[in-house]
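Working notes, beginning with the structure itself.
Every chain is numbered from 1 and lettered A, B, ... according to where its sequence line falls, protein lines coming before strand lines. Just so you know, these numbers use all the heavy atoms, side chains as well, and skip hydrogens, waters and symmetry mates.
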Amino acid sequence: MIKIEALIRPQRFDEVKAALDAAGATGMTVTEVRGAGKQKGRPEFYRGGEYTVTLLSKIKIEVVVADAAAERIVEVIIGAARTGEVGDGKIFLTLLSDVIRIRTGEKGELAI
Amino acid sequence: MIKIEALIRPQRFDEVKAALDAAGATGMTVTEVRGAGKQKGRPEFYRGGEYTVTLLSKIKIEVVVADAAAERIVEVIIGAARTGEVGDGKIFLTLLSDVIRIRTGEKGELAI
Amino acid sequence: MIKIEALIRPQRFDEVKAALDAAGATGMTVTEVRGAGKQKGRPEFYRGGEYTVTLLSKIKIEVVVADAAAERIVEVIIGAARTGEVGDGKIFLTLLSDVIRIRTGEKGELAI
Amino acid sequence: MHRIARLQAAAGVSAAAALLLPAAAWAQDAAPAAAAAPTPPNTGDTAWMLASAALVLLMTPGLALFYGGMARSKNILNLLMQSFVAMAVITLVWVIAGYSIAFAPGNPFFGNASYMGLGGVGQGTFKLNGVEMTIPHQVFMVYQMMFAIITPALISGAIAERMKFGAYVVFITIWSLVVYAPLAHMVWGEGGYLVGLGALDFAGGTVVHISSGISALVLAIMLGKRRLGATEDVRPHNLPMTLIGTGMLWFGWFGFNAGSAGASGGLAGSAFVVTQIAAATAALVWILIEWVTIKKPTALGFATGAVAGLVAITPASGFVSPISAIAIGVGVSCVSYAAIKMKSRLGYDDTLDVFGVHCMGGIWGALATGLFADKAVNSVVATNGLLIGGGDATLLGKQVVGVLIALAMGAIGTLVIAGIIKAVSGIRASAEDEEVGLDVSQHGEEGYHGGASDTAIRTGFAMAMAEHDGAAAAAPSKVASSTI
Amino acid sequence: MHRIARLQAAAGVSAAAALLLPAAAWAQDAAPAAAAAPTPPNTGDTAWMLASAALVLLMTPGLALFYGGMARSKNILNLLMQSFVAMAVITLVWVIAGYSIAFAPGNPFFGNASYMGLGGVGQGTFKLNGVEMTIPHQVFMVYQMMFAIITPALISGAIAERMKFGAYVVFITIWSLVVYAPLAHMVWGEGGYLVGLGALDFAGGTVVHISSGISALVLAIMLGKRRLGATEDVRPHNLPMTLIGTGMLWFGWFGFNAGSAGASGGLAGSAFVVTQIAAATAALVWILIEWVTIKKPTALGFATGAVAGLVAITPASGFVSPISAIAIGVGVSCVSYAAIKMKSRLGYDDTLDVFGVHCMGGIWGALATGLFADKAVNSVVATNGLLIGGGDATLLGKQVVGVLIALAMGAIGTLVIAGIIKAVSGIRASAEDEEVGLDVSQHGEEGYHGGASDTAIRTGFAMAMAEHDGAAAAAPSKVASSTI
Amino acid sequence: MHRIARLQAAAGVSAAAALLLPAAAWAQDAAPAAAAAPTPPNTGDTAWMLASAALVLLMTPGLALFYGGMARSKNILNLLMQSFVAMAVITLVWVIAGYSIAFAPGNPFFGNASYMGLGGVGQGTFKLNGVEMTIPHQVFMVYQMMFAIITPALISGAIAERMKFGAYVVFITIWSLVVYAPLAHMVWGEGGYLVGLGALDFAGGTVVHISSGISALVLAIMLGKRRLGATEDVRPHNLPMTLIGTGMLWFGWFGFNAGSAGASGGLAGSAFVVTQIAAATAALVWILIEWVTIKKPTALGFATGAVAGLVAITPASGFVSPISAIAIGVGVSCVSYAAIKMKSRLGYDDTLDVFGVHCMGGIWGALATGLFADKAVNSVVATNGLLIGGGDATLLGKQVVGVLIALAMGAIGTLVIAGIIKAVSGIRASAEDEEVGLDVSQHGEEGYHGGASDTAIRTGFAMAMAEHDGAAAAAPSKVASSTI
Ligand SMILES: Nc1ncnc2c1ncn2[C@@H]1O[C@H](COP(=O)(O)OP(=O)(O)O)[C@@H](O)[C@H]1O
Ligand SMILES: Nc1ncnc2c1ncn2[C@@H]1O[C@H](COP(=O)(O)OP(=O)(O)O)[C@@H](O)[C@H]1O
Ligand SMILES: Nc1ncnc2c1ncn2[C@@H]1O[C@H](COP(=O)(O)OP(=O)(O)O)[C@@H](O)[C@H]1O
């Protein structure tokens with residue numbers, strides 16, 4: 001099984017989620033994170049103190065899929081998340097050694 | 001070393017944490033996430049606009065353990081997290097290539 | 001590629017981030033988490049009810065780097081995050097099977 | 001209270017004393033107009049009572065925040081609504097029948113139907129217990145309405161996080177009619193039993209705080225404990241909200257106590273002063289107790305102490321001196337702090353300590369009135385309190401009677417009302433509703449949103465559609481801004 | 001309203017009736033002083049009007065919270081600022097010209113320049129429409145200023161989350177001068193057209209709510225919809241904030257309505273009472289409708305209903321009985337609830353339903369005044385409303401005229417003003433500014449911070465430097481505490 | 001201020017002028033009662049002063065929110081408590097000795113002990129500086145108490161996030177007695193030095209703002225800078241909270257300034273009007289400066305400007321015309337904005353800019369009184385201000401003396417008091433306490449909770465136990481609902 005970890009723009013989250021549902025991803029886990037990359041933030045001002053935001057809000061989506069499905073799901077995410085502007089984010093793939101469904105105790109691909 | 005990543009119901013978190021402490025898990029990292037799976041949310045209403053919540057609050061618990069201990073810890077988590085209802089969550093296992101304790105610089109199983 | 005996952009004290013975050021920037025880490029992802037380990041929290045009081053905080057605020061920093069750079073980056077993080085007190089945190093290393101830059105579709109080390 | 005003052009003045013207090021009362025004062029500066037048929041209200045007295053009514057209304061939102069901040073975020077809206085809904089429901093209850101039961105002539109225990117639907121409650125001045133008031137009858141009615149609103153809302157703190165909203169609404173509606181209104185009649189109403197007895201309650205220690213406090217305890221026990229995990233974390237979700245509420249309560253309480261003079265002037269001023277002193281003293285003593293016992297002066301402790309002080313001074317506020325107010329403030333923090341500690345032994349789940357603060361604080365205040373009441377402050381005091389020069393235990397005895405009546409009516413009334421509702425429809429939220437939180441289960445809402453990952457799909461008719469159309473008509477994924 | 005009451009009293013209402021009015025009351029208790037050239041203001045009437053002015057001022061921050069809680073967190077500051085900035089801008093507009101246009105003598109449609117810069121607006125009492133007021137002219141001016149402030153702020157709810165801040169400021173400045181001030185003149189001003197006609201608006205149903213509500217709708221349509229993703233989540237970010245705002249609005253509204261009596265006394269009391277009753281009834285009816293239709297009584301529904309009730313009673317508050325207030329409250333919740341449902345069909349994006357609540361609620365209230373106005377409540381009512389004993393449709397007809405004029409002025413004025421600004425500088429935030437949120441894009445700030453991972457580097461001159469020096473002078477990574 | 005007005009009236013201002021004063025007005029409408037020994041208070045004047053006292057009390061919670069929103073979340077409760085605790089401590093300080101030092105007869109620098117413990121401070125009217133006041137002495141005392149409360153609380157903004165709570169409480173207690181009370185005596189007290197000199201301070205520019213502002217600066221320097229990382233993020237954690245606080249301050253300030261007339265009527269109205277105008281102007285000018293310099297009108301800038309405007313108009317509010325109020329508002333934003341910019345050069349850590357806003361704003365306001373004071377507004381003005389027709393620099397010179405005295409007393413007093421406390425017990429929180437935040441380290445609490453992962457184990461006696469019992473008695477992991 002493979003864990004697909006995608007870091008995307010919050011504004012694209014709705015589209016990505018919809019696309020994943022359409023693609024039949026059985027589930028996903030979403031985390032609010034902050035990211036640093038090539039993209040720079042907008043200036044803020046407080047009592048004349050100027051701030052440059054160095055970490056921007058991003059959404060981390062984790063989807064665990066069977067090895068076979070990984071490539072397709074990655075394409076789906078890229079399709080929905082890309083704007084072409086700096087800050088579109090990244091996708092990381094990791095091999096999992098096992099998956100268990102707590103409710104039933106099922107293991108491996110059955111549990112996805 | 002193995003990283004055990006469990007996604008559970010917030011309501012079961014207290015029990016799971018207690019069980020892990022009892023089982024002697026030396027440490028853990030907890031993250032608030034939102035998850036989509038088989039479980040559906042309750043309807044909400046705002047000025048007559050009806051919302052169906054598609055992502056539900058879940059707790060992600062990460063516990064890193066020695067390979068030998070993995071199986072037992074997984075059982076402990078399942079025992080405390082299971083309700084038998086849709087939404088109990090999943091457990092993902094990943095092999096780590098190394099672990100370092102920042103304070104001492106210890107590496108590998110020593111650092112856990 | 002290797003994912004370096006560091007759990008550090010929130011108070012050291014500024015230093016660690018600055019050190020990573022200096023070390024030329026191209027990007028990072030930051031998550032607020034809570035952790036249990038050897039470190040114990042301070043007592044709190046509410047209407048005479050006493051609470052011992054069992055999970056402490058920690059910052060999780062994820063940095064994905066080329067295999068070659070991993071060791072150096074780990075040193076950089078340890079250097080900036082260590083206080084020598086219990087609670088300094090841990091670093092976990094994981095091998096990634098692939099990395100993709102959403103904007104360009106680049107893969108592997110190119111995408112980092 | 002002041003009205004009683006006048007009653008007794010009429011009932012033969014020396015004219016000299018009477019001279020000190022606004023009633024008398026007004027009699028003077030309105031002298032030329034005295035003949036004219038409908039005495040126009042005194043503009044100054046009316047201005048203060050209008051302001052006071054508004055201040056007391058604000059206490060209910062203040063209470064909502066005071067309680068709400070202590071709840072867990074999944075129940076915040078339910079706790080706020082338990083206070084706000086009283087502003088809606090009790091207003092109508094009061095207009096339709098409550099005011100008449102409380103203040104219309106009748107027997108010593110409840111009024112007749114003459115004021116129902118506000119019949120005969122007009123813009124002109126009126127008489128109460130034989131005394132000519134200087135404000136419009138409607139202003140007095142609406143001022144008293146605000147008391148009727150906040151009293152049942154006080155109960156909500158004890159049963160927080162587990163009661164069905166519908167059952168709560170039905171409960172406070174009936175409670176207001178069968179517990180609050182009759183008690184108000186006995187204490188303040190036309191020919192009320194305790195008025196006749198001579199028990200003193202300036203602004204509602206018995207009527208408001210003891211009655212709601214004991215009812216809160218009984219209802220909390222009838223509901224049972226919240227379903228909590230062995231180690232479940234129930235710390236307040238937002239203490240700054242609790243402090244905002246405390247500030248609003250303190251502010252509004254000046255209308256509650258000083259307004260109970262029924263007029264502007266010296267007595268209102270005196271009540272204002274002792275209210276400030278008692279609240280300040282109790283807040284300070286509470287954090288000092290904490291400083292000594294747990295080494296930390298907490299914000300929640302400060303808020304709790306301030307409210308306890310305001311509760312304790314309420315019945316005494318028109319009868320005691322500033323120095324006595326300090327004593328009352330010191331006393332209430334000791335009493336209420338101890339009561340809250342005891343809770344653990346007794347093991348009931350009074351979520352936000354309504355019993356410890358309001359019932360115990362109200363009892364202390366009512367008895368303290370018997371200890372510190374002073375003729376020099378208000379001529380209505382027939383004999384000084386036990387601890388005041390030349391005083392004896394006469395008044396204290398009457399105060400005890402008042403306390404017992406309030407306790408009995410609150411406890412029995414709640415047992416009966418809640419018992420019936422429980423039998424008919426149930427009063428307790430289901431385990432699952434409690435677990436997901438009362439906001440979603442009772443109100444179909446959550447208090448806070450806006451995390452970028454906090455998402456839901458709109459399907460309803462209103463706003464939803466509107467935007468959906470938009471989305472449809474839109475470029476791939478964004479709504480084009482269609483303008484005229 | 002009361003001033004009109006006096007106008008018509010002067011215009012020949014029976015002296016007997018006049019006796020009931022504070023003007024008359026004052027005439028009495030000040031009798032001895034009557035001769036003295038500058039009649040000193042009545043201290044009680046002035047006390048109430050000072051308090052009322054402060055209460056109405058507080059409504060604007062209250063409105064900011066009511067709206068702000070419904071916004072998404074990325075736009076919270078912008079929504080708050082749209083209300084707060086009106087407290088700054090409109091104050092100056094009113095002092096320089098607005099008050100003169102609204103209340104100076106002139107023609108039936110606007111006043112002359114005599115009060116510009118507050119010329120001739122002094123500390124002494126004054127005459128309005130031929131009636132001797134009992135409060136200082138400046139107090140009346142500042143009381144009316146608070147109405148001028150909140151009215152344009154009401155509009156902001158409809159155009160939330162997408163309008164350029166600069167364009168908004170320019171818009172409300174001009175709108176206040178060309179729409180609000182003339183309308184206020186017609187309804188309340190010296191020799192105003194609707195005053196002469198005999199249309200009644202006690203506290204501003206037409207001037208405040210209909211005018212702002214219709215303007216809100218027109219402006220929302222001109223701006224176009226927010227750019228929202230097909231499934232974008234627009235749930236309120238902080239409903240407790242909306243409830244705090246509701247409490248502040250309810251509290252302040254007593255100054256708004258009861259203060260419109262222009263004096264303390266029976267009429268103010270009556271307005272106070274019906275305000276409370278209508279708000280309570282509407283809030284209750286709203287959640288009952290929800291309970292029936294969607295099975296959940298929501299907190300947002302309660303807040304919306306309460307405000308709708310306050311809106312509807314505004315024009316009627318000095319003319320109707322408590323029982324009529326109940327009818328008005330029931331009516332407005334049905335009307336506004338339906339209006340909000342309709343929005344989906346019509347498909348415009350009135351973000352926070354200003355049209356449904358304020359415009360529709362205001363129209364219902366204005367017409368209801370024609371149905372329920374009652375001589376027994378206020379002698380100014382020439383003929384009772386249609387549904388009151390002995391009443392007919394005369395007044396109702398006049399009310400319709402008032403409503404139409406308010407609708408026309410609001411709609412046309414907004415079309416022209418916004419049209420010009422749009423042509424000159426644009427009124428809509430860019431797609432990117434809207435996406436990142438108006439807080440960052442318009443104000444260079446975010447509402448909330450403090451997550452440990454919520455970080456930024458200081459580079460500016462002030463605070464930044466200060467600490468930077470510190471940091472520089474510091475041990476490796478911490479600032480040494482340099483003390484004297 | 002008004003009391004001074006009367007002093008000088010007594011001291012021989014033409015009777016004609018006197019006629020304009022409420023004192024005189026009252027003399028008239030109470031004529032019939034004049035003979036009667038204890039003059040009953042004027043109900044209207046008393047109503048306004050009761051309302052004003054409540055309004056000023058509310059300013060302290062308002063200040064707490066204004067400051068609290070700017071803090072980081074780990075210090076929110078400490079900042080709120082620094083204001084709230086003043087409501088408790090200073091109330092007692094004032095009752096026991098503060099009021100006597102400030103207002104009892106004595107020498108020009110402090111009063112004697114005659115009013116200690118409120119001896120002789122009763123429900124009847126009283127004389128101040130030879131003038132017969134029309135309100136109860138207790139009402140005047142409690143109104144002044146509210147000023148004494150908020151003044152030291154203002155200091156907390158400068159030393160936020162690093163001072164020991166215990167040391168803070170001791171500091172404000174002593175400061176209130178040795179700095180505030182004597183200064184109040186000199187400016188307003190019986191035979192006070194500056195009263196005699198003829199320096200004018202209507203509502204406390206010198207007594208409240210300059211004294212607290214300079215003390216804040218000195219204390220901030222003595223404490224030293226916060227220990228901040230080189231790039232540490234100190235952005236406000238909750239700006240909506242700061243705006244709510246701003247709204248409450250603005251609202252309460254009407255009691256602060258208009259209440260300083262000591263009575264209802266024309267002068268109170270005039271003070272109310274200029275207060276509104278100055279606040280509005282300053283807020284607007286502040287965001288305009290930002291719009292020009294940094295291209296963004298910020299919410300924090302609006303809030304800061306509004307408060308600066310309120311500070312600046314405070315000393316002038318009873319003496320200047322609306323047009324002058326605009327000038328004062330424009331001036332203060334320029335002065336305070338520049339002062340805050342300078343901070344970076346000077347490099348001290350006045351966390352929330354108390355010096356820039358309150359001290360500099362107060363100085364500008366005091367001097368502006370010397371520029372714009374106008375006989376036509378208040379007959380107490382002996383010679384018009386420098387910029388008013390027929391005026392000269394006489395008053396300006398006296399104002400300078402007042403400013404210097406306030407600066408000296410605040411600076412020296414703070415140096416001595418804080419110096420002693422520092423030597424005895426230390427005033428600064430430890431590095432570790434500062435790092436974890438003052439909420440946990442000083443108060444054993446956190447402001448916000450409720451993330452599902454935000455967990456702790458209950459071990460204490462109270463609530464804890466109660467639920468623990470429950471848990472024990474429970475099904476595997478849930479508490480069975482044990483009901484009667
Ligand atoms: N080396 C990295 N390690 C971890 N996260 C990264 C890394 N590089 C980028 N990210 C994540 O991806 C997000 C987008 O990166 P960015 O460089 O701005 O996008 P792009 O590559 O499209 O320009 C960042 O905000 C961060 O969360
Ligand atoms: N394929 C997946 N990838 C990532 N997370 C998942 C996946 N499937 C489930 N989850 C996580 O597990 C949680 C529980 O899943 P759900 O299907 O509701 O449980 P169950 O399988 O017991 O019915 C989800 O909310 C989500 O956080
Ligand atoms: N076995 C583990 N699994 C997952 N996270 C861990 C583990 N041990 C420690 N951590 C994380 O590291 C943080 C620091 O651990 P702690 O033991 O307090 O530090 P130290 O080892 O320096 O004393 C913890 O708060 C937790 O977030």
Worksheet entry | CG on C/Leu7 to CD1 on B/Ile102, rounded to 0.5 Å | 7.5 Å

Fill in: Atom pair CZ/CG of B/Arg101 and C/Asp88 - distance to nearest 0.5 Å
10.0 Å

Practice prompt. Let me know if B/Leu20 has heavy atoms under 4.5 Å from chain C in its side chain, its backbone, both or neither.
Written response: neither

Practice prompt. Give the C-alpha distance, both sets of side-chain angles, the deciding distance and a yes or no for side chain to side chain contact (heavy atoms under 4.5 Å, CB included) between C/Leu55 and B/Lys17.
Written response: CA-CA 10 Å; C/Leu55 290 173; B/Lys17 179 164 187 321; 3.8 Å; yes

Discussion item. Using heavy-atom distances under 4.5 Å, tell me whether B/Val64 contacts chain C through its side chain, its backbone, both, or neither.
Written reply: side chain

Discussion item. I need the C/Leu93 CG to B/Leu95 CG distance, nearest 0.5 Å.
Written reply: 13.0 Å

Worksheet item: What part of C/Glu85 gets closer than 4.5 Å to chain B, counting heavy atoms only: side chain, backbone, both or neither?
Response: backbone

Worksheet entry | B/Thr94 vs C/Phe92 side-chain heavy atoms within contact, under 4.5 Å | no

Worksheet, complete the sentence: If one checks every heavy atom of C/Val74 against chain B at 4.5 Å, the contacting part turns out to be side chain

Item to complete: Measure C/Lys3 against the heavy atoms of chain B and call it side chain, backbone, both or neither at under 4.5 Å.
Response: neither

Practice prompt. Answer with side chain, backbone, both or neither: which region of B/Thr29 has an atom nearer than 4.5 Å to a non-hydrogen atom of chain C?
Written response: both

Discussion item. Let's test your reading of the structure: which of C/Gly87, C/Gly89, C/Ala6, C/Gly84 forms the most heavy-atom pairs below 4.5 Å with chain B?
Written reply: C/Gly89

Discussion item. Checking an interface table here. Which of residues 103-112 of chain B come within a heavy-atom distance under 4.5 Å of chain C?
Written reply: B/Arg103, B/Thr104, B/Gly105, B/Ala111, B/Ile112

Practice prompt. Decide salt bridge (Lys or Arg N to Asp or Glu O under 4.0 Å) for B/Glu32 and C/Arg34; before the verdict, give the C-alpha distance in whole Å, the side-chain angles of both, and the deciding distance to 0.1 Å.
Written response: CA-CA 9 Å; B/Glu32 287 181 42; C/Arg34 288 175 173 265; 5.4 Å; no

Worksheet item: Is there a side-chain contact between B/Ile100 and C/Ile78, using heavy atoms and a 4.5 Å cut-off?
Response: yes

